[in-house]
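Chain A is the first sequence line, chain B the second, and so forth, proteins listed ahead of strands; every chain is numbered from 1. Everything numeric here is computed off the predicted structure, so don't read it as measured data. In what follows, every heavy atom counts, from backbone to side chain, and hydrogens, waters and symmetry copies are set aside.
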2 protein chains.
Amino acid sequence: MRTYDQFCAAARALDVVGDRWTLLIVRELLIRDGARYTDLQYGLPGIATNLLANRLRELEEHGIVTREAAPPPVATTLFRLTPRGEALKPVLMALGEWGGPLLETASGEFRSHWLVLPLERRLQDHRPEAPPVTIELHTGDQPLLIETDHGRVHVRPGTVATPDATLRGSPPLILGVLGGDLDLTAACAQGLDFEGDPDAVRRVARPAVAESQTAE
Amino acid sequence: MRTYDQFCAAARALDVVGDRWTLLIVRELLIRDGARYTDLQYGLPGIATNLLANRLRELEEHGIVTREAAPPPVATTLFRLTPRGEALKPVLMALGEWGGPLLETASGEFRSHWLVLPLERRLQDHRPEAPPVTIELHTGDQPLLIETDHGRVHVRPGTVATPDATLRGSPPLILGVLGGDLDLTAACAQGLDFEGDPDAVRRVARPAVAESQTAE
DNA sequence: CGGCATCCTCTTTGATACTG
DNA sequence: CAGTATCAAAGAGGATGCCG
């Protein structure tokens, strides 16, 4: 990117991460630190491969990403964020916060791991002393697993033998229920497929704000 | 901008404000809400005039900016942020926070009003009950005025007849002193021109973190 | 003067094919 | 798997002109 060449911290930041696709590459690496080139391509539908290669090189030059060549047996390259790269998380979160209202419709491409950051932001274990619970989400390309961990809640791709609850449905329904914008029964009426213990969901979901009845 | 077309809040946000110059236009309007076209051009050195016009139209279409035609006597147009536009402030602040370390050198264009947001973020009135103080900053194209107001601190372009203190010097020096990264005497040794009451500066500046001796 | 629109050039992006 | 090479299309930059 042509530099703005301004003595302004925000402009300097945009000089580095303001290029098209750049912040979305950082998003991918925030969700799954240690990603292969093809993982990134999969998580960034539509990106041209030369652009991905260029951006990764620029991010490396700016000290945001490191390239880690795994030893010969596996022979693959892993891309990771440096601490400086991880420091971009507040930027992505602020953008996500602002962009939330634009998500009314579930159009376009979707990868279920994109829910990891927004869900971790919304979820909280309201009964940290109780035994841990696990919830499986099925919405998109691969299942997600929610796990409580001493008050914190972790979200990652994965499954477990006997989850306490399982949710299947469109991303807005899942996000609505867990984000506290949609009642569980209302979501089921709108097509959510729910199995297991409703209390497991209530335990981690953000409390409802009031009368809201529509998916985010 | 070609849309990313992803069901991801951050990607949706970038669909709207990810274009080149867009967030810097928002920055200008966050600093001085109610700006004329030429004010924006002045605050965005290097922008092509057609680009500014296009971006303003897009921002208007997205409900981020409103255009207010002043009545015939003055015959000028004022651009303002909507609440939705003001909601972008956390995004700009997060970018600024991350970009701060890139400001080591005072190269490139500079407009003193660009200091308003970073300064308001750093400053705090540590003695709210004491009578208000004013500090003038001279560093760039126009003087800035810092005013305490019942615990809050406001920064705006302007001057006052008898400020409690006056700082003249390069932007990094000013930012270093007020941000708590640079001792006042050290800054004077590096070329800061200081007049008035040092306590006025200490009252609003962010406390030093420890041993730091270099400008940010 | 303030607020653009037009025209032209140059750079960046996108799409696809191909390679060690 | 992790890219490079190539080429067409879109966008940005810069100059200038227009109109109330």
Which residues share a ring pair (Phe, Tyr, Trp, His ring centres under 6.0 Å) with B/Phe79, sequence neighbours left out: none
Side-chain donor or acceptor of A/Asp39 paired with backbone N/O of A/Arg36 under 3.5 Å: yes
Between D/dG11 (C1') and B/Glu58 (CD): distance, integer Å: 11 Å
Salt bridge (charged side-chain N to carboxylate O under 4.0 Å, His left out) partners of A/Glu28, counting only residues at least two apart: none
Gap between atoms CD and P, on A/Glu68 and D/dA2 respectively (whole Å): 12 Å
Counterpart residues, side-chain hydrogen bond (donor to acceptor under 3.5 Å, both in side chains), relative to A/Ser170 (two or more places apart): none
N/O (side chain, A/Arg55) to phosphate O (OP1/OP2, D/dG3) under 4.0 Å: no
Short N-O contact, B/Arg57 and B/Glu60, less than 4.0 angstrom: no
Polar side-chain atom of A/Glu120 near backbone of A/Val155 as donor-acceptor pair, under 3.5 Å: yes
Rounded interatomic separation in angstrom, taking CG from B/Asn54 and P from D/dG11: 10 Å
Contacting residues from residues 31-46 of chain B, given that a heavy atom lies under 4.0 angstrom of DNA chain C: B/Arg36, B/Tyr37, B/Thr38
Pair listing, ring-ring contact (aromatic ring centres under 6.0 Å, His included) test, anchored in residues 134-172 of chain B, at least two apart: none
Stacked cation flag A/Arg111 on A/Tyr42, 6.0 angstrom / 45 deg: yes
Under-4.0 Å side-chain N/O to phosphate OP1/OP2 contact, B/Thr76 with C/dG3: yes
Atom-pair distance (CG on B/Leu51; P on D/dG14), nearest Å: 11 Å
Expected output: side-chain B/Gln124 to main-chain B/Ala205 donor-acceptor under 3.5 Å: no
Among D/dT4, C/dG14, C/dA5, the one nearest A/Ala53 by side-chain distance: D/dT4
Near-strand residues of residues 14-26 of chain B, defined as heavy-atom separation under 4.0 angstrom from DNA chain C: none
Set of side-chain hydrogen bond (donor to acceptor under 3.5 Å, both in side chains) partners for B/Arg152, sequence neighbours left out: none
Rounded distance in Å - CD1 (A/Ile47) to C1' (D/dT4): 15 Å
Rounded distance in Å - CG (B/Leu56) to P (C/dA5): 11 Å
Backbone N/O of B/Arg168 and side chain of B/Asp193: donor-acceptor pair under 3.5 Å: no
Whole-Å gap separating C1' (D/dG3) and CZ (A/Arg67): 9 Å
Donor-acceptor contact present, side-chain B/Tyr37 to main-chain B/Thr76, <3.5 Å: no
B/Thr148 side-chain N/O to B/Asp125 backbone N/O, donor-acceptor pair under 3.5 Å: no
Qualifying ring-ring contact (aromatic ring centres under 6.0 Å, His included) pairs with a residue from residues 85-121 of chain A, counting only residues at least two apart or across chains: A/Phe110-B/Phe7
Quick test: give all pairs of protein nitrogen or oxygen and nucleotides 15-20 of chain D nitrogen or oxygen below 3.5 Å, distance rounded to 0.1 Å.
none

Bend angle of the helix from C/dC1-D/dG20 to C/dG20-D/dC1, from helix axes over five pairs at each end, nearest 10°: 30°
B/Thr166 (side chain) donor-acceptor with B/Glu195 (main chain) under 3.5 angstrom: no
Contact residues, residues 2-13 of chain B to DNA chain C [heavy atom, < 4.0 Å]: B/Arg2
Contacts of type ring pair (Phe, Tyr, Trp, His ring centres under 6.0 Å), residue A/Phe194, not counting sequence neighbours: none
